[in-house]
Amino acid sequence: MVSYAEERSANIERNKLILKEIGMEKLKPATEPKEKRKKKKTPRNKNANNKRKMTNFEVPGGRDPQAVEQPPTKTARVDSEVSEVPGESRRRSSRIASLPAGAVVHAERRRGTPLPMSVKTIVPSASGAAKRQRRYDPKTYGAIPGIEVGSWWASREECSNDSIHAPWVGGISPGPHGAYSVALSGGYDDDVDAGYAFTYTGAGGRDLKGTKAAPKNLRTAEQSYDQSFDHNHNKALKRSVETGKPVRVIRGFKLRSPYGPSEGYRYDGLYTVERHWQEKGLNKGGFLVCKFAFKRLPGQPDIPVRGGEDEEPEFPSGDEESDAEGVDTSDD
DNA sequence: GGGCCCGCAGGG
DNA sequence: CCCTGCGGGCCC
């Protein structure tokens with residue numbers, strides 16, 4: 001029988017081929033910007049709230065943000081001076097590693113704290129927009145005004161608040177004419193992330209409730225049955241292929257790829273879903289999974305790659321050879 | 001590190 | 001109301 005590693009490489013190779021087929025080569029810049037470590041420029045500012053968002057890379061030489069409806073740079077919401085997050089060098093791998101020192105999580109949102117309910121009701125937000133104080137409807141195709149490509153958040157909750165990706169947990173935010181957004185967090189071991197294109201695994205096929213005897217109430221779990229395009233989320237991504245609607249993409253720190261941020265979540269702009277198919281997933285049982293191939297729209301700022309200084313690129317950033325990269329368990 | 005258990009946004 | 005989901009705090 002085939003080992004997990006072998007099966008994984010095989011899947012990865014197949015997925016890489018698909019990415020080549022959809023023509024992502026041209027999108028990848030000759031030289032890729034390094035992820036900017038969030039240095040601790042500003043002293044501290046321990047006033048909570050500065051954990052808002054920040055753009056992670058300033059593009060060398062002004063590119064023209066034309067091609068893709070670039071939202072008006074409107075840094076609202078950061079009411080306080082956008083102090084640099086003193087996140088310094090944290091090694092990825094820990095959870096949401098460092099909410100930078102001063103970035104205290106709002107007490108109301110903490111888990112054990114008592115008044116989460118009242119938080120929602122605060123800020124009626126006249127326009128009856130949403131319960132949260134969202135400025136824009138996340139159920140929008142394309143860019144969210146005011147959120148630049150490269151913006152960064154410490155948690156999924158914050159991404160949701162800024163309407164970039166509404167679900168707190170789910171990777172896919174479905175809509176009638178396609179998905180609005182997806183989150184790459186490395187949930188599936190055989191997905192390939194080449195930055196300017198990537199493969200993505202659909203939702204479903206998991207038993208989140210556990211067994212009758214041992215109920216689990218989980219949020220994620222191993223595959224235990226086939227995924228299908230009947231699942232609303234997968235159906236939405238399939239629609240994206242048909243309609244060509246752009247999908248917002250965020251990458252999370254758990255993503256094992258040079259393009260994954262070392263901490264938190266980063267908005268990497270708009271992509272189109274080029275293909276959808278089903279294949280045997282990397283799971284015990286060989287259950288089918290729904291797969292999708294995404295390609296980035298041109299004209300957006302380059303994606304920063306990890307490996308600023310104290311981090312060594314674990315993969316040769318691209319695909320190229322069939323480098324046996326991930327096959328190992330290169331710890332981490 | 002792993003296991004638990006949970007809040008929440010969204011859709012049905 | 002019910003169920004789902006590439007989180008995440010907490011405890012061990």
Side-chain angles (χ1 to χ4, degrees), chain A residues 51 91 93-99 104-121 129-134 137-140 153-176 179-193 198-210 214-225 227-228 230-237 239 247 249-257 259-261 263-266 281-283 289-292 294 329 331-332:
Chain A
K51 59 163 186 160
R91 313 193 136 284
S93 78
S94 41
R95 277 256 163 160
I96 177 176
S98 62
L99 274 202
V104 181
V105 178
H106 293 229
E108 323 90 70
R109 296 193 191 139
R110 295 292 304 249
R111 177 152 303 244
T113 43
L115 51 154
M117 275 329 188
S118 55
V119 179
K120 295 174 67 172
T121 36
K131 320 163 193 190
R132 290 246 161 205
Q133 50 254 60
R134 285 198 179 124
D137 187 353
K139 291 191 284 238
T140 299
W153 298 266
S155 70
R156 286 283 298 271
E157 177 185 356
E158 293 178 36
C159 293
S160 182
N161 290 343
D162 278 346
S163 308
I164 275 296
H165 184 66
W168 280 32
V169 175
I172 303 165
S173 179
Y180 300 116
S181 55
V182 298
L184 280 71
S185 280
Y188 295 83
D189 244 5
D190 53 354
D191 273 330
V192 175
D193 181 18
F198 61 86
T199 60
Y200 194 82
T201 302
R206 301 164 153 178
D207 279 313
L208 303 175
K209 293 192 290 291
K216 290 288 190 176
N217 189 18
L218 300 170
R219 296 295 175 275
T220 66
E222 294 275 308
Q223 300 295 139
S224 52
Y225 56 95
Q227 289 187 354
S228 105
D230 289 333
H231 186 296
N232 194 44
H233 296 192
N234 302 333
K235 193 183 300 176
L237 282 175
R239 281 266 23 221
V247 179
V249 169
I250 61 173
R251 284 190 170 80
F253 69 98
K254 285 189 255 177
L255 183 59
R256 275 110 49 224
S257 143
Y259 298 98
E263 311 171 45
Y265 298 85
R266 186 187 63 219
L282 239 200
N283 52 57
V289 292
C290 294
K291 301 280 283 192
F292 305 89
F294 285 64
T329 12
D331 67 49
D332 103 339

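Each chain gets a letter, A, B and so on, in the order the sequences are listed, and its residues count up from 1.
For C/dG7, one of the phosphate oxygens OP1 or OP2 lies less than 4.0 angstrom from a side-chain nitrogen or oxygen of A/K254. OP1 or OP2 of B/dG12 lies within a sub-4.0 Å distance of a side-chain N or O belonging to A/N232. Neither OP1 nor OP2 of C/dG5 sits under 4.0 Å from any side-chain N or O of A/Y188. The shortest distance between the side-chain N/O atoms of A/R134 and the OP1/OP2 oxygens of B/dC8 is not below 4.0 Å. A/S173 has no side-chain polar atom (N or O) that falls below the 4.0 Å cut-off from OP1 or OP2 of B/dA9. Contact annotation: A/K139 does not reach the phosphate of B/dG10 (side-chain N/O to OP1 or OP2, under 4.0 Å). Residue A/H233 places no side-chain N or O under 4.0 Å from the OP1 or OP2 atom of B/dG10. Proximity of A/K209 to the phosphate of C/dT4: a side-chain N or O atom is located under 4.0 Å from OP1 or OP2. Look at A/R206 and you'll find a side-chain N or O under 4.0 angstrom from OP1 or OP2 of C/dC6.
Comparing A/N217 and A/P167 along DNA chain B, the residue whose closest nucleotide (by nearest heavy atom) sits nearer the 5' end is A/N217. Toward the 5′ end of DNA chain B lies the nearest nucleotide of A/L218, the other residue of the pair A/Y180 and A/L218 mapping further downstream.
Per the geometry, CG belonging to A/N234 stands 14 Å off C1' belonging to B/dG11, to the nearest Å. The interatomic distance linking A/I172 (CD1) with C/dC6 (C1') rounds to 9 Å, in whole Å. Look at CD1 on A/I164: it is 18 Å from P on C/dC6, rounded to the nearest Å. Protein atom NE2 of A/H165 is 13 Å distant from nucleotide atom C1' of B/dC8, rounded to whole Å. A straight line from CG of A/L208 to P of B/dA9 spans 19 Å, rounded to a whole angstrom. The distance from atom OH of A/Y225 to atom C1' of C/dG5 is 11 Å, rounded to the nearest whole Å. Atom P of nucleotide C/dG8 and atom CD of A/E158 are separated by 9 Å, given to the nearest angstrom. The distance from atom CZ of A/R156 to atom P of C/dG9 is 13 Å, rounded to the nearest whole Å.
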For this session: Apply the test side chain to side chain contact (heavy atoms under 4.5 Å, CB included) to residues A/L184 and A/D191: give CA-CA distance (whole Å), side-chain angles for both, the deciding distance (0.1 Å), then the verdict.
Result: CA-CA 9 Å; A/L184 280 71; A/D191 273 330; over 6 Å; no
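Comparing B/dG12 with C/dC6, their C1' atoms sit 22 Å apart, to the nearest whole Å.
Minimum atom distance to the side chain of A/W168 is reached by B/dA9, of the listed B/dA9, B/dC5, C/dG8. For A/P174, the listed nucleotide lying nearest its side chain is B/dG11; candidates were B/dG11, C/dC6, C/dG5. Out of C/dG8, C/dG5, B/dG10, the shortest distance to the side chain of A/V169 is found at C/dG5. Checked against C/dT4, C/dG7, B/dG11, the side chain of A/H231 finds its nearest nucleotide in C/dT4.
Aromatic ring pairs are classed by plane angle as parallel below 30°, tilted from 30° to 60° and perpendicular above 60°; the pair A/F253 and A/Y265 is perpendicular.
Within the shown strands, C/dC3 is the pairing partner of B/dG10 under the Watson-Crick or G-U definition, both distances less than 3.5 Å.
Checked options A/N234, A/V247, A/T201; the residue passing with A/F292 is A/N234 (criterion: side chain to side chain contact (heavy atoms under 4.5 Å, CB included)).
Across all strands, A/G187 comes closer than 4.0 Å to base atoms (heavy-atom distances). Contact annotation for A/G204: backbone-only contact, meaning every heavy-atom pair under 4.0 Å involves sugar-phosphate atoms and none involves a base.
Between A/F198 and A/F294, the distance separating the two ring centers is shorter than 6.0 angstrom.
With A/T199 contributing its side chain and A/V192 its backbone, the two residues share a donor-acceptor pair below 3.5 Å. Without hydrogens or angle criteria, A/D137 side chain to A/K139 main chain gives a donor-acceptor distance under 3.5 Å. Judged by distance alone, with hydrogens and angles left aside, the side-chain atoms of A/Y200 form a donor-acceptor pair with the main-chain N or O of A/G171 at under 3.5 Å.
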